[in-house]
Amino acid sequence: MSDSHDHDSPEAIKKSLKTYWIIFGALLVLTGTTVAAAELHFLTFHQAIALAMAIAVVKGALVALYFMHLIGEKKAIYATLTLTVVLFFVCLFVPLFTETETYGRGIRRASAESHVP
Amino acid sequence: MSAHAKYAADEAIPHTVGPNAETGLYNGKFGIWLFLASEVMLFGGLFSAYVLLRSGVPACAPGVHEGACWPHGYEILSIPLATLNTVVLIFSSVAVVMAWANLKLKEFAKAKMWLWITILCSLAFLAVKSFEYGHKFELGHFPRTHNFYAVYFTLTGLHGLHVVGGLVVFLYLVTKGAKMYETEPERYTNRVECTGLYWHFVDLVWIFLFPSLYLL
């Protein structure tokens, strides 16, 4: 951040010190919420996945926006990250789409076939 | 020499301090973001493998052979230890951003103190992780034992290696590398910022690993 932006001025940096501690507090609260929700077991498995991932996305966004300063970055970084996010979802979901019909069935199918006379 | 290379260091290696006209950033910062983009793909591929393996078998339940199902992380891993590590890593993220902020405020002594705190946090994280690994090995749980453990050791092991990598760089920055602050304080600040960006990414990966492996 050597290029002089307003958010790099000493005044802005001093203000951001307080922000960092607020974000730290928010991250602790969100961590506690995730653990409590998982420990109490009042959600179905799919609800638990949705809640845990939603909280993780919020926590990740707080880290990226405030600690990594993505809230006020250059276009070159946004462009790089946009491409990365698109490719990340391709990487994550394409293998799954090719295997959809076998979700959770591989073991049962194999055991069913073993009983065929 | 480019009109943007107004700093002394930029004459030797371009844009180590001043911004590159093409990106508006010093080269180190753009470089670390490109590296982090490749890291997203690395961990993304492993997460994809995890989701694929997990969704390929039913969840463990009474009556289902344990070798033919996927166990819940909260039944076989230590949530208190993982929660402790989460807090330690989040605090270390605050520490490294405080180090950077203090360097921007010309408070070198405070910045160094925060860097040492980051180092202590990374050592604490590794100590807890090694305790967890040791306990699993004592119980005879190895990567070959079950796909769950293969995924657990691969993801947390790779993440742990990243923590070790960050630790080595932070140790350099507070010892031999700290001399740079006397001659090129802005360049040193940028080095801390780049290492900090990497460290926040390591924290970010753990934020997703923790619920995925331990809580579901």
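Within every chain, numbering begins at 1; the chains are lettered A, B, ... in the order of the sequence lines, protein sequences first and strands thereafter.
- You'll find the ring centres of B/Phe170 and B/Trp199 inside the 6.0 Å limit.
- In terms of non-hydrogen atom pairs under 4.5 Å with chain B, the most contact-rich of A/Met53, A/Lys14, A/Lys75 is A/Met53.
- With a 4.5 Å cut-off on non-hydrogen atoms, A/Val85 does not touch chain B at all.
- In this structure, A/Tyr78 places its OH atom where more than 12 heavy-atom neighbours from other residues, nucleotides or ligands lie under 6.0 Å away.
- With chain B as partner, the option from A/Val90, A/Leu87, A/Leu30 having the largest number of non-hydrogen pairs under 4.5 angstrom is A/Leu87.
- In this structure, the portions of B/Leu197 lying under 4.5 Å from any heavy atom of chain A include both its backbone and its side chain.
- Interface remark: B/Thr189 contributes no atoms to any contact with chain A (heavy atom separation under 4.5 Å).
- For A/Glu73 and B/Lys29, the salt-bridge test passes: some basic side-chain N is under 4.0 Å from an acidic carboxylate O.
- Heavy atoms closer than 4.5 Å to chain A are found in the side chain of B/Leu105, but not in its backbone.
- In this structure, no portion of B/Tyr50 lies under 4.5 Å from any heavy atom of chain A.
- The aromatic rings of B/His72 and B/Tyr74 sit parallel, their planes meeting at an angle under 30°, below the 60° perpendicular limit.
- The greatest number of non-hydrogen atom pairs below 4.5 Å with chain B, out of A/Val35, A/Ile23, A/Leu83, is found for A/Val35.
- The contact between B/Phe47 and chain A is made by backbone and side chain atoms together, counting heavy-atom distances below 4.5 Å.
- Contact of B/Thr86 with chain A is made through the side chain alone, with heavy-atom distances under 4.5 Å.
- At a 4.5 Å heavy-atom cutoff, B/Tyr214 makes no contact with chain A through either its backbone or its side chain.
- B/Thr23 and A/Lys74 share no side-chain donor-acceptor pair at under 3.5 Å.
- When each of A/Ile55, A/Ile77, A/Val63 is scored by its heavy-atom pairs under 4.5 Å with chain B, the top score falls to A/Ile77.
- For an aromatic pair to be called close, the ring centres must be under 6.0 Å apart, and B/Phe125 with B/His159 satisfies this.
- Between B/Lys129 and B/Glu132 there is a salt bridge, with a side-chain nitrogen of the basic residue lying less than 4.0 Å from a carboxylate oxygen of the acidic one.
- Contact of the A/Tyr66 side chain with the A/Ile22 side chain is not registered, since no non-hydrogen atoms from C-beta on lie closer than 4.5 Å.
- Interface remark: A/Leu70 contributes side-chain atoms only to the contact with chain B (heavy atom separation under 4.5 Å).
- A/Ile49 touches chain B through backbone and side chain together, each having a heavy atom under 4.5 Å away.
- Your options are A/Leu28, A/Thr84, A/Leu17, and the one with the most heavy-atom pairs under 4.5 Å with chain B is A/Thr84.
- Checked against a 6.0 Å centroid threshold, the rings of B/Phe91 and A/Phe24 count as neighbours.
- Heavy-atom pairs under 4.5 Å with chain A were tallied for B/Asn102, B/Asp203, B/Val94, B/Val96; the largest tally goes to B/Val94.
- Taking the side chain as every heavy atom from C-beta outward, B/Leu204 and A/Phe67 never approach each other to under 4.5 Å.
- Aromatic ring centres of B/His162 and B/Trp206: separated by at least 6.0 Å.
- Neither the backbone nor the side chain of B/Leu46 comes within contact range of chain A; no heavy atom of the residue lies under 4.5 Å from a heavy atom of that chain.
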